[in-house]
Protein chains: 2
Amino acid sequence: MSNEHPFENIPLEEEITDLSEFFKTFGDPTRLRILFFLAQGEKNVQSITEELGIQQATISHQLSTLRMLRLVSYRKEGRKVFYSLDDHHIFDILKIGIHHIQEGQR
Amino acid sequence: MSNEHPFENIPLEEEITDLSEFFKTFGDPTRLRILFFLAQGEKNVQSITEELGIQQATISHQLSTLRMLRLVSYRKEGRKVFYSLDDHHIFDILKIGIHHIQEGQR
DNA sequence: TGTATATATGCACATATATACATGTATAAG
DNA sequence: CTTATACATGTATATATGTGCATATATACA
């Protein structure tokens, strides 16, 4: 995927805006923890809360952000709500990020 | 790259922190515009300033951020400074991001 | 030396954002 | 209908962040 030709055309204003919102969503430790946990498979809110040891309201707020930016999808089952990563892009970006970080250890 | 097994181990606290800083850097329209421009090849500060039509000081501030997070590298030539994308990861992440955005048009 | 050009940096400020606390809504169970 | 459980949402607030303005540094050139 790398070392190809640059982007055919520089993205439009609107795309830049959307894209920055998209990436911004990865830019918070709590949200990243949620995403990495979801990378293990579908999880409900309670189990996320327990895993991260963070207030339930905080988790819900962040899940709301993740939903809006389409980083996660969800499914209701009774009063539980199960979240999962929205598509493979999310997984790929996390992987590349980790690689970049780990290669950069000085 | 996608649909593989989840991350072997959930990243360490420090990796999460570094990673969120890394992604946060993509989460600003001005920085994204700089990155997309640099994806076309090495550019000096002046040309970036002209391309984006933004204050020189603002560009330098953002380049400083991009340098610290190792999204760009640079090279001095006389009093000019030429910036370029640091490694292929940066390019790849931008590409995946664009794909995600463009697929998501409702 | 002195001046112009290219870039970086310090500081201030307005805005954005993450979290805590309280409360609302929905579903299940008795 | 009442109570408990799972989750979402509203509001307030402290902190982080992007940008503008002024100024500093460095290199080239006269």
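In what follows, chains are A, B, ... by sequence order, proteins preceding strands, each numbered from 1. Since the structure is predicted, the reported quantities are computational estimates derived from the model, not experimental observations. Just the heavy atoms: all of them, side chains too, but no hydrogens, waters or symmetry mates, feed the values below.
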Would you kindly compare A:Gln55 and B:Val81 by the position of their nearest DNA chain C nucleotide and give the one closer to the 5′ end? B:Val81

Contact nearer the 5' end of DNA chain C, comparing A:Ile54 with B:Ala57: B:Ala57

What residues form a side-chain hydrogen bond (donor to acceptor under 3.5 Å, both in side chains) with B:Glu13, not counting sequence neighbours? A:Arg33

Just to be sure I understand the rule, does [X] reach a base, reach only the sugar-phosphate, or reach nothing, if contact means heavy atoms closer than 4.0 Å?
X: B:Lys24; answer: sugar-phosphate
X: A:Tyr83; answer: sugar-phosphate
X: B:Thr65; answer: nothing
X: A:Gln56; answer: base

As a test of reading the structure: which of [options] is closest to the side chain of [X], going by heavy atoms?
X: A:Asn44; options: D:dC7, D:dC29, D:dT19; value: D:dC7
X: B:Thr58; options: C:dT7, D:dG20, C:dA22; value: D:dG20
X: B:Arg31; options: D:dG18, C:dA8, C:dA6; value: D:dG18

Look at A:Lys24 together with A:Glu21 and state whether they make a salt bridge at an N to O cut-off of under 4.0 Å. yes

Closer than 4.0 angstrom, basic N to acidic O: yes or no for B:Glu42 and B:Arg75? yes

Is the ring centre of B:Tyr74 less than 6.0 Å from the ring centre of B:Tyr83? yes

NZ of B:Lys80: more than 12 outside heavy atoms within 6.0 angstrom? no

[X] has an atom [atom1]; how far is it from atom [atom2] of [N], in whole Å?
X: B:Arg67; N: C:dT9; atom1: CZ; atom2: C1'; value: 10 Å
X: B:Leu63; N: C:dA6; atom1: CG; atom2: P; value: 16 Å
X: A:Lys80; N: D:dT5; atom1: NZ; atom2: P; value: 13 Å
X: B:Phe82; N: C:dA6; atom1: CZ; atom2: P; value: 11 Å
X: B:Arg79; N: D:dT27; atom1: CZ; atom2: P; value: 11 Å
X: A:Glu21; N: D:dG18; atom1: CD; atom2: C1'; value: 14 Å
X: B:Leu66; N: C:dT9; atom1: CG; atom2: P; value: 13 Å
X: A:Arg75; N: D:dC7; atom1: CZ; atom2: P; value: 12 Å

Can A:His61 be classed as stacking with the base of C:dT19, given a centroid separation cut-off of 5.5 Å and a plane angle cut-off of 30°? no

Identity of whatever pairs with D:dA28 - Watson-Crick or G-U, under 3.5 angstrom: C:dT3

Give a yes/no answer on whether the side chain of B:Gln46 brings an N or O atom under 4.0 Å of OP1 or OP2 in C:dT5. no

